[in-house]
Trainee: 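Attaching a single structure in structure tokens format; questions to follow.
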Amino acid sequence: MKRLAAWATGLPPRVQDFALAMALAVYNVASLIPETRQLKLPYLAFVLVVLEVVPLTWRRRWPVLVFIAGGIPRNIYDQLVVSYAPLPLGPAIAYYTVMDRCSTRVRVVISAVLVVGIIRSQMLPGHNEPYDFFIAALQLAVAGTLGILSRTRRSYLQAVETRAEQAEAERERQVALAAAEERTRIARELHDVVAHHVSLMAVQSEAAAALLPGRPAEAGKAVDIIGQTAREALTELRRLLGVLRGPADVNGRAATSPAPSISELGEVLGQVRQAGVAVNLRVEGCPGKLPPGVDLTAYRIVQEALTNTVKHSGAGEAAVTVSYEPGYVTVSVTDTGSGAAATLGSQATPGRAGSSDGGGARPAVSGGFGLAGIAERVASCGGSLTVGPGDAGGFAVTARLPAP
């Protein structure tokens, strides 16, 4: 039976309706055969009971016309005062289809016509029993109720499907946004890692070239610094690429090293000092544990600001200040150079401080994205950024980050 039901459900709707109409025609004819001797016009009665169900073949396409086409033979049958009539299954199914598929106005009109037709048929000779009206009305009322229930269920399923599609579209949109944010984060990380180390390597290579051939020992030291910086760059690149690869060890844990922290500035300061810039570090307040995103952002701000100092300012000294206060951490990098203003783009000109508060203006780097990257990192944390000439000359980068 399950296979038969599945096979029938898989048929085209028109074929299903045709099979329904033929089954009802057989039922109507079979129900009249025992009453043939009592029928006044047996052949006409057989034709009429068949004609009232044949239009059901097109009930889904033209429900109102099928209702009318099936109702006319039924009314003629009643007019002939035939002593026996089969159950009005054809008109009931047609009415069910109208209630299931037509608009509210059409359903009201058809229901009114149906009530008038039932009342009129009960006034004809042969309908003497008082319960005839209630039986006919109950049959069609059940059909109409089932039609409304079917319509409601279909509307509900459509609404559920629409919500599911919207949820899927929203999920895909969120995934796309997350992917874009992750690409931006990786691009910032790559820029910070590569720009910092390559800049130091470039400075040391220029120093080595200037020291040769007269001072080979000092040139060799510069070359050693280049090699050490290159190895450190490779280590950070492996860490970043390890995040992209995913799990690598037997326990399913990503083979990555911990992200840099503002509390571990010694390596960066040492590299800058080897490049010839004297850097002083000052920590104010009571150091506490920072959220990972804020911690990494503070570290990268110091790294990028010092990289700009080495590349552009020509400064001999720089100062890094990390200030802890309730709910915030402030990072400031200042230098004594004169060329840092050249690193600013059109949004922050020499002599004026450019600032970024949350999603505000972002300073640009001439020929690069150093300060713009800093501004993006600060904005992602909901902090504020100030860049521009320092109070005592040189250049200053100050970021205030929320640290709940």
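Heavy atoms only: backbone and side chains are in, while hydrogens, waters and symmetry mates are out. The shown structure was predicted, so the numbers you read here are calculated from the model rather than taken from an experiment. FYI, the numbering just counts along the sequence from 1.
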Trainee: Please name the pair of heavy atoms, one in Ala21 and one in Val53, separated by the smallest distance, quoted to 0.1 Å.
Mentor: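 Heavy atoms only, the tightest pair is CB-O, 3.3 Å.
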Trainee: If you define the side chain from C-beta out and look only at heavy atoms, does anything of Pro13 sit under 4.5 Å from Arg61?
Mentor: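 In short, these two side chains do not touch, never coming nearer than 4.5 Å.
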Trainee: With Arg14, which residues qualify under salt bridge (Lys or Arg N to Asp or Glu O under 4.0 Å), at least two apart?
Mentor: none
Trainee: Is the closest side-chain heavy-atom distance between Val302 and Leu306 below 4.5 Å?
Mentor: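 Val302 vs Leu306: side chains touch.
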Trainee: Could you list all the side-chain hydrogen bond (donor to acceptor under 3.5 Å, both in side chains) pairs where at least one residue sits in residues 394-404, not counting sequence neighbours?
Mentor: Glu325-Arg400, Ser332-Thr398
Trainee: Quick one, Tyr299 and Leu265 - any side-chain contact, counting heavy atoms below 4.5 Å?
Mentor: yes
Trainee: Quick one: closest heavy-atom pair of Val49 and Pro86, and the distance?
Mentor: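 So the two residues come closest at CG1-CG, 3.9 Å.
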Trainee: Would you mind listing every salt bridge (Lys or Arg N to Asp or Glu O under 4.0 Å) that reaches into residues 89-100, with sequence neighbours excluded?
Mentor: Asp100-Arg154
Trainee: How long is the span from the CG atom in Leu48 to the CG atom in Asn75, to the nearest 0.5 Å?
Mentor: 11.0 Å
Trainee: Is the shortest side-chain heavy-atom distance between Leu290 and Ile262 below 4.5 Å?
Mentor: yes
Trainee: How long is the span from the CZ atom in Phe46 to the OH atom in Tyr77, to the nearest 0.5 Å?
Mentor: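 It is 8.5 Å, given to the nearest 0.5 Å.
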Trainee: So Leu138 and Val142, do their side chains get closer than 4.5 Å, heavy atoms only?
Mentor: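 With C-beta onward as the side chain, the pair touches.
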Trainee: Please report the closest heavy-atom contact between Leu385 and Ala375, naming both atoms and the distance.
Mentor: CD2-CA, 3.6 Å
Trainee: Report the C-alpha separation of Arg153 and Leu149 in whole Å, then their side-chain angles, then the decisive distance to 0.1 Å, and conclude whether the side-chain contact (heavy atoms from CB on, under 4.5 Å) test is met.
Mentor: CA-CA 6 Å; Arg153 181 177 180 274; Leu149 292 176; over 6 Å; no
Trainee: Please enumerate all residues that pass side chain to side chain donor-acceptor pair (under 3.5 Å) together with Arg282, with sequence neighbours excluded.
Mentor: Glu284
Trainee: Check the surroundings of atom OH in Tyr328: do more than 12 heavy atoms from other residues, nucleotides or ligands lie under 6.0 Å from it?
Mentor: no
Trainee: Measuring from Arg101:CZ to Ser150:OG, what's the distance to the nearest 0.5 Å?
Mentor: 7.5 Å
Trainee: My understanding is that only residues two or more places apart in sequence, or in another chain, count here; which of them pass side chain to side chain donor-acceptor pair (under 3.5 Å) with Glu317?
Mentor: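 For Glu317, no residue satisfies side chain to side chain donor-acceptor pair (under 3.5 Å) once neighbours in sequence are set aside.
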Trainee: Could you list the residues that satisfy side chain to side chain donor-acceptor pair (under 3.5 Å) with Gln158, not counting sequence neighbours?
Mentor: none
Trainee: So which atom in Tyr95 and which in Gly144 form the shortest heavy-atom distance, rounded to 0.1 Å?
Mentor: CE2-CA, 3.5 Å
Trainee: Apply side chain to side chain contact (heavy atoms under 4.5 Å, CB included) to Pro287 and list each qualifying residue two or more places apart in sequence or on a separate chain.
Mentor: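 Partners of Pro287 under the side chain to side chain contact (heavy atoms under 4.5 Å, CB included) test: Val283, Tyr324.
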Trainee: Residues in side chain to side chain contact (heavy atoms under 4.5 Å, CB included) with Phe18, at least two apart?
Mentor: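 Expected list: Met22, Thr57.
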Trainee: Looking at Gly316 and Thr336, what are the two nearest heavy atoms and their distance?
Mentor: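 Heavy-atom minimum between the residues: N-OG1, 3.9 Å.
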Trainee: Can you measure from SG (Cys102) to CH2 (Trp62) and round to the nearest 0.5 angstrom?
Mentor: 13.5 Å
Trainee: Can you list everything that forms a salt bridge (Lys or Arg N to Asp or Glu O under 4.0 Å) with Arg74? Sequence neighbours excluded, please.
Mentor: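 With neighbours one apart ignored, the set is Glu52.
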Trainee: Would the distance check show the side chain of Asn28 and the main-chain N or O of Val50 forming a donor-acceptor pair, the cut-off being under 3.5 Å?
Mentor: no
Trainee: I'd like to check the side chain to side chain donor-acceptor pair (under 3.5 Å) partners of Thr104; sequence neighbours left out, ordered by chain and number.
Mentor: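 Listed in chain order: Arg107.
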Trainee: Using the test salt bridge (Lys or Arg N to Asp or Glu O under 4.0 Å), find all partners of Glu161 that sit at least two apart in sequence or belong to another chain.
Mentor: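 Salt bridge (Lys or Arg N to Asp or Glu O under 4.0 Å) check on Glu161 returns nothing, list empty.
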Trainee: Going by the rule salt bridge (Lys or Arg N to Asp or Glu O under 4.0 Å), which residues pair with Glu172 if we only count those two or more places apart in sequence or in a different chain?
Mentor: none
Trainee: Starting at OG1 of Thr97, measure out to CG of Leu56 and round the result to the nearest 0.5 Å.
Mentor: 7.0 Å
Trainee: Rounded to the nearest 0.5 Å, what separates atom CG in Leu89 from atom CD1 in Ile93?
Mentor: 6.0 Å
Trainee: Over all heavy atoms of both residues, which pair between Val98 and Pro63 is shortest? Give the atoms and the distance, please.
Mentor: CG2-O, 3.6 Å
Trainee: Could you go step by step and tell me if Gln174 and Glu170 meet the side-chain hydrogen bond (donor to acceptor under 3.5 Å, both in side chains) rule?
Mentor: CA-CA 6 Å; Gln174 292 296 334; Glu170 178 65 17; 2.7 Å; yes
Trainee: Quick one: does Leu114's side chain get under 4.5 Å of Phe67's, heavy atoms only?
Mentor: yes
